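Below: one structure, written as structure tokens.
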Amino acid sequence: MRKIFYVLLVIILACTLIFSGCGSSSSSSKISSTTTPPSQKNSTTANKKLKLGFNNFLKGFYSLDILEKSFKATADALNVDTMITNDEGKVEQSVQNVQNMISSGVDGIVFFGISDTLFPVVSQKCREAKIPFVIYDHIPSDKSMEILQQNPYFVGVVGEHDYDAGYPIGEYAANQGLKKAIVVTGKNTDTTHSARVKGFTDSFTKAGGRVLDVGWGNTTLADALSQTDDLLTAHPDVDCIYATGGDFGSGALQALQKHPNVKAKVFVTDLDPDILAGLKAGTITAANGAHWVNVDFATILLVNYLNNHPLRDSGNKAPVVTVPVLTLPNNQVSLYQKFWLNNEPFSVTELRNLTVPWNPNVTLNEVKSVISNYSIKSRLEEKQKEGLVTSDELKKAGIIN
Amino acid sequence: MTNEYIFRAEKLNKFFGPTHANNDVSISIQKGEIRGLIGENGSGKSTLISLISGIIQKDSGMMFLDGEPYEPKTPLDAFNHKIGTVVQELGLVDGLPIGVNIFLGRLDMFNKNGVIDLQGLYKAASEHLSYWNLGKFPVQNLASTLSVEEKKMVELARALSVNPNFLILDEITTAISLNNRKLLYSIIEQFKKQGKSVLLITHDLEEIIKITDNITIMRDGVVVDTRKSCELTPDILKRLMVGRELSGSYYRNDWEDQYEDDVVLSVCDLTVEEHFEDVSFDLHKGEILGICGLSDAGIHELGETIFGVIKPQKGSIYFISSNEKIKVKNSIHARKLGIGYVPKDRDKQALMINDSVENNICLPSIEILQGPFGYIRPAKMRKLSSKVVNDFEIKAKSISQYIRGLSGGNKQKINFARWMNEKVRILIMDCPTRGVDVGVKAYIYSVMNEAKKQGLSIIMISDELPELIGMCDRLLVMKEGKVVKTFYRSSGFTEESIMEVMM
Amino acid sequence: MKKGLWSSYQRIFPFISLILLIIIFSIIVGPKFWSVDNLVNIINQVVPLILGGAGMIFVVTQGGCDLSQGSALALVGTIAAMASNSLGFIAYFPVAIFLGALIGAFNGVIVSKFKVQSLMVTLAMMITLRAIVVYITGGQVIYVSSSVLLLDNFAIKISIFVTTMAVMYYLFEYTKIGFYSKVIGENEMVGIYTGISVDKYKILAFMISGIMAGIVGALTVGRIGGVDPAMGNFFELQVLMSLFVGGVPVTGGAGSKIYKLFIGALILSVLQNGLILSRVSAEVSELVEGIILIGVVFFTLYIRSKFIQVQSAGEN
Amino acid sequence: MKSVDSEKSYSLGKFQERRFLVSRYDIKKLLSVILIIIPYIIFNIFTKGRFMESSNILSILVHAVVPAFVAWGFCFIFTSGIMDLSIGAIMILACIVSGILAIKIGYFGLILGGILVSFALEYINLKCMIKTKIPSWVFGLGMAMIYEGIGALYGASQLKLGKQVVSLGVTARKLGSIPWIIIVLALGLIMAYIIFNRTSIGFDIRAVGSNREVAKMMGVDVTKAIIRGGLVGSVFIGLASAINESYAGRVMPTTGLNSIALIFIPLAVYLLAQAFEQIFNLTVAVIISSVIVESLFNILTILGVPSGTWQQVAVGACVIVCGVLAQRHYKGVVK
């Protein structure tokens, strides 16, 4: 009896294999039709809605989720389909999901790499599958960039240097005459946070301050709270606290309230609703962040590429675009809340203006100039033009006099 | 109307799958009656008791307690109906204090505003223990600090704590020593005087005849007969149980020391703290060496130490083969040298009850079975286990049947038979016939006899004097951790003379 | 005959749920599910799970568990990558295997000789090893040579997989290591009373688990293109899940079979892959995954309980 | 060996010897307390007295509260042999709901929300686990996925509104700060101690954990015991969630089984407590080990040991060493 079942099993497996053979032959022909070099692509995909893949490294993590939200809004604006995957905070899953998206037949991939080593690997996978991809948020190191640039399917990078997020805060804090700092941050294997810490430390020490301790390894608000508590016990003479993430900022702030004898100013990178509230209340001295617009422009680069209009740098290289990091003064908090968190900073028309079907002659320089002009002031002025904000409000925020 | 029966069961039926474990069982027990229940392993005694004490539910039939219909859903129901049960081979909850163990399941009676009055509980427990003269136990200590026998006594105390009108004792006497047995008899006597009833199960035929008023005999799930104890002899009982005539004696019938002069195992000055001290003896080829003693004489620990499970503080064990004297390091070494061990506790120490007959049989022989590159051929395992099952007449549906489904006797056969491979020179058997019916007992003795003739040396550790007297060439009597006397078969031994040394 | 049928059902049921899943996803996803790309994809996901599981199964069979596998994977991967960078690729696998065995041996010794619960030891090791990885990498990116990257090549990976699994299958099903592991899982006392070196086989099981973590670590480094201290995060849970979903008993013992691991890992991977390809949104997909996994385990158990009812007939 | 004549007094003598052992046991208790305290004094000298400052001791206690409550929950859930890995995910959901209710109706809502959610979800877990007979490991993992999914759905819905998950701000924060948190800790200890050691719920759950078969024979309703114990445990988990929400102000949902990381430290605390069980009562041991773990982080931070690396190594090593020490003379079977 058992043997009969085994035989049946083998037959079923054999059938599935045969099936797979048939299935694969049909689908592989499909793949080849959709992934022919960009020049011939227009004819086949003109009527088809593009489908873009996107990986969220850890669903449920605020700043990553808001990137996803931004991406979705941009994709809607540009009239493309999306496929969003959750890497569940696992590096292996990042690679796996790129392959899953390729199997699922996306036209291009908007990729977030938590680790620099992922870029060459993903580049390789996309090259094999002939799928173009663009990188957002994390800018690859020079070494990885060299490899990426050899890949014709590499569309570009839009991100910010995390070093540049920490550096100005350090400068700003030192200018206020602060001398002794502690830093509360995430895992020191997370390049985002380690770069921010490095930026801060560099500028702060350059200006004569001293970083007494760095609290690594936090993942949640409660972690950061407990750790800052310990750190403040260890260094009661501290006068500056820098938190490299929104949750860590909230935690540090609460811990500080438990130590009334410690007189320290709090600085945060990442702007989330809690931090905005803190800024408004004055408990946070200054905060900055890149406002998660990088993914918008990454998507624009990719859509242009897929519409047979690759935007190339001089020397026909894929562009690397850095988004400036903005510092938010507390009088602009409510407008920021309104136009960044509750809405998208860039309007649909603005986004479309940088993309091929709507603007067939868009150039890289146009995109770059929009990005380099990106500031709270310029954005709010734009919103005023659209009639969404009054000049009174702008005056109150100190944008116009 | 007063009811003369305390308990009555009518046409109880219980099925386990296709097995008809209890087939129209009817039994009536009078007030003040001491009833014995006897039968081979697998005859349905334990099932009947489980039904009465609410551990399992009947499929059909009726039970009456004191004339009232009685349908226990849980063991707690049984307690509430004043039925106290001591179940075979179970024990206590090790992680709880002794006192709590006595009242577990009914702790709410010490409930004071939602909190249990532990002081009151401990006090009640000590009073209860001293009332029945069961000894002074530190009731606030964990049950894990007790020995097997002490646990049995606490279990008895637990059964008595419901102030039962009907007490059920399943195989309690095999686990306890003589002095405690006497205590038990006096408790039973006291019950009788108070007009309460006891149902007693034991394999000790003489005991059961001695202390009970009537004996009910079960075979294959059916009640065969109920007879007055005074009219019975062990031989009649055996016949009734097995359903056929058994030859008068299943022991050896010679009275000589039959063994060769070669020493195969030499034990020198063996000491394990708190158990035994300075034990030395030699074991010869083809000898059956008996070891007996009261429950804390250290006989079981001695067996475990010889096999290497317990590490002795002092002394050593030498395995001697062809002029080579090898010190036995541990149990692994012992097995490799050819020493086998049949543990006392079948289900916990010997058998994987949720595994197949095949795997259980092959367990000690795996290293013999393996081929090049450590390859164990499944076919070889199957062959070996089929052979063992056939040779030893083990009643199993197939070699892939789980041990769990076998009766105690067949389990013990496997426990014993699997050591009968070509490598084993010495076999240590701890209570080889504990909880086993007469048929299997006889079989095991005959195999022992056979093996002895082939040159196997056996150390037989047992609480039961008759079987030691019946089987041993030499008998070491231990008392409080010391060997006090050695009896020789040729010089003859009687229960009385041994008992005198033991006590 | 009836019993034989039941026993076959019991064996076959996990297969049925796997095939059902495959059929359902073939319908939802369409031919894309059967594309060569996607099959390779599923295999890529299955390989580390099965390799890790083949190590873990020894520990689980003995009734323990090895939570440190994920962290061990990361540590081994990191050090092996560093070794291959300084000593050349020749050192890569030997270092990985040696280090994995070392970590496993440590776990095993603490569990067997010092009698500490395996859950406790490996949980502590999980925290400790991960911290050591973080210290070693120190926030720096460690790149690896191209020969390591080649390990992600399908043919090479499969050949490593097949050889390793052949050895593991042999060890588990046909040698005394596997047999004694099952004995220890069924009843450790039995092992002690029949003269089996329980401690030795426990250490050995943890060593095998460590070695497999090492091999998976080596492959993972190749797959993600370098060292990332976060690699192997929650790997051990995925592995445990595939074992248990496949029907390996949590308490260990004779019910452990390598084929169950294969099925469990396949169910898990097909499910994850299928849900992504069906473009179920990420929040919902986890929810659905949970429900389906519980469903699969439930039906497997249900069938088994039917089987045991028939089996234990005749029990008294 | 012993040499007493009559058997009765012989067995008595044996027990008296055991009583002597008991007093040795008390000495052992004292010794281990000293063994725990000495390194603290040494550390205090190293940290120039900063460690023993009353404010610092208080802050350690505060950090120990949530792990202690969760570990007490484990005492009632895991002791009966249920290894529920979904507790991390349950806690996240409980935190979120307690936050939402706290904003609406204050402290009552905070506590009610936490307890209600964890009670309900744990009830579902236990019921299904027992009904379906799925091993708790797998079931917990599966349920963790489901609960995480629900949390993620909520997070996504908030994001659409431009908000983060619920944040307490300044409302209902007293429960998570001194002195209330310490009072709650003391109350929790008393509650856990009494329920675990002085009620039939506690005894039943311990009996089931120690030996399920025997407990069943002794008239303990195993299913009921597990569910009742689990529900008591879930109240502790719920309280832990409420305190955590009040302490941290916001708890983020997560996915990919990352919620399990939330219970690693409490799990270590629970296992450590089990190791100390021979010396202290389990519920008391929970608080001791929770303080040990948290103070370890505190001391190492004060000493300037880098966080995220050597601190974790030290905690891991501490768990293993304590385990080894506690099991030194243990002879039984260990899985």
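Naming convention: chains lettered A, B, ... in sequence-line order (proteins, then strands); numbering from 1 in each chain. For clarity, every value in this text was computed on a predicted model and none was experimentally measured.
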**Asked** Mind checking what makes side-chain contact (heavy atoms from CB on, under 4.5 Å) contact with Ser144(A), not counting sequence neighbours?
**Response**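 Once residues adjacent in sequence are excluded, the partners of Ser144(A) under the side-chain contact (heavy atoms from CB on, under 4.5 Å) criterion are Asp116(A), Phe119(A), Pro120(A), Pro140(A), Ser141(A), Tyr143(C).
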[X] versus chain C, heavy atoms under 4.5 Å apart: side chain, backbone, both or neither?
X: Gln93(A); answer: side chain
X: Asn97(A); answer: side chain
X: Val91(A); answer: both
X: Lys125(A); answer: side chain

**Prompt:** Can you say whether Leu275(C) sits under 4.5 Å from chain A via the side chain, the backbone, both, or neither, judging by heavy atoms?
**Reply:** neither
**Proximal component of Val227(C), with respect to chain A [non-hydrogen, under 4.5 Å]** = backbone
Rounded at 0.5 Å granularity, tell me how far [atom1] in [X] sits from [atom2] in [Y].
X: Ser94(A); Y: Arg223(C); atom1: OG; atom2: CZ; value: 10.5 Å
X: Glu88(A); Y: Ser285(C); atom1: CD; atom2: OG; value: 7.0 Å
X: Arg279(C); Y: Thr82(A); atom1: CZ; atom2: OG1; value: 6.5 Å
X: Ile102(A); Y: Ser35(C); atom1: CD1; atom2: OG; value: 10.5 Å
X: Ile276(C); Y: Met83(A); atom1: CD1; atom2: CE; value: 6.5 Å

**Prompt:** Are more than 12 heavy atoms from other residues, nucleotides or ligands located less than 6.0 Å from atom CZ of Phe89(C)?
**Reply:**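 Correct, the count exceeds 12.
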**Message:** If you count every heavy atom of other residues, nucleotides or ligands that lies below 6.0 Å from Lys187(A) atom NZ, does the total exceed 12?
**Reply:**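 Result for NZ/Lys187(A): open.
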**Item:** Taking every non-hydrogen atom, the tightest pair across Ile224(C) and Val95(A)
**Value:** CG2-CG2, 3.9 Å
**Request:** Identify the two heavy atoms, one from Leu277(C) and one from Asn100(A), that lie closest to each other, and give their separation to 0.1 Å.
**Result:**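 Nearest pair, atom of Leu277(C) first, then Asn100(A): CD1-O, 3.4 Å.
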**Asked** Counting heavy-atom pairs under 4.5 Å to chain C, which of Met101(A), Lys143(A), Glu68(A) comes out on top?
**Response**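 Most heavy-atom pairs under 4.5 Å with chain C: Lys143(A).
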**Asked** Val29(C), Asn41(C), Asn233(C): which one forms the most heavy-atom pairs within less than 4.5 Å of chain A?
**Response**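 The residue among Val29(C), Asn41(C), Asn233(C) with the greatest pair count is Asn41(C).
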**Request:** Go through the structure and list residues passing side chain to side chain donor-acceptor pair (under 3.5 Å) with Ser281(C), not counting sequence neighbours.
**Result:**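 Checked Ser281(C) against side chain to side chain donor-acceptor pair (under 3.5 Å); matches are Glu283(C).
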**Message:** Between Lys90(A) and Asp228(C), does any side-chain N to carboxylate O distance fall below 4.0 Å?
**Reply:**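 Salt bridge absent between Lys90(A) and Asp228(C).
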**Message:** Assess, by modelled atom type and distance only, whether the side chains of Asn44(C) and Gln96(A) contain a donor and an acceptor separated by less than 3.5 Å.
**Reply:** no
**Request:** Would you please say whether a donor-acceptor pair under 3.5 Å links the side chains of Asp37(C) and Ser103(A)?
**Result:**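 The answer is no; no qualifying pair exists.
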**Prompt:** Would you say Glu92(A)'s side chain and Gly232(C)'s backbone share a donor-acceptor pair under 3.5 angstrom?
**Reply:**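 It does hold such a pair.
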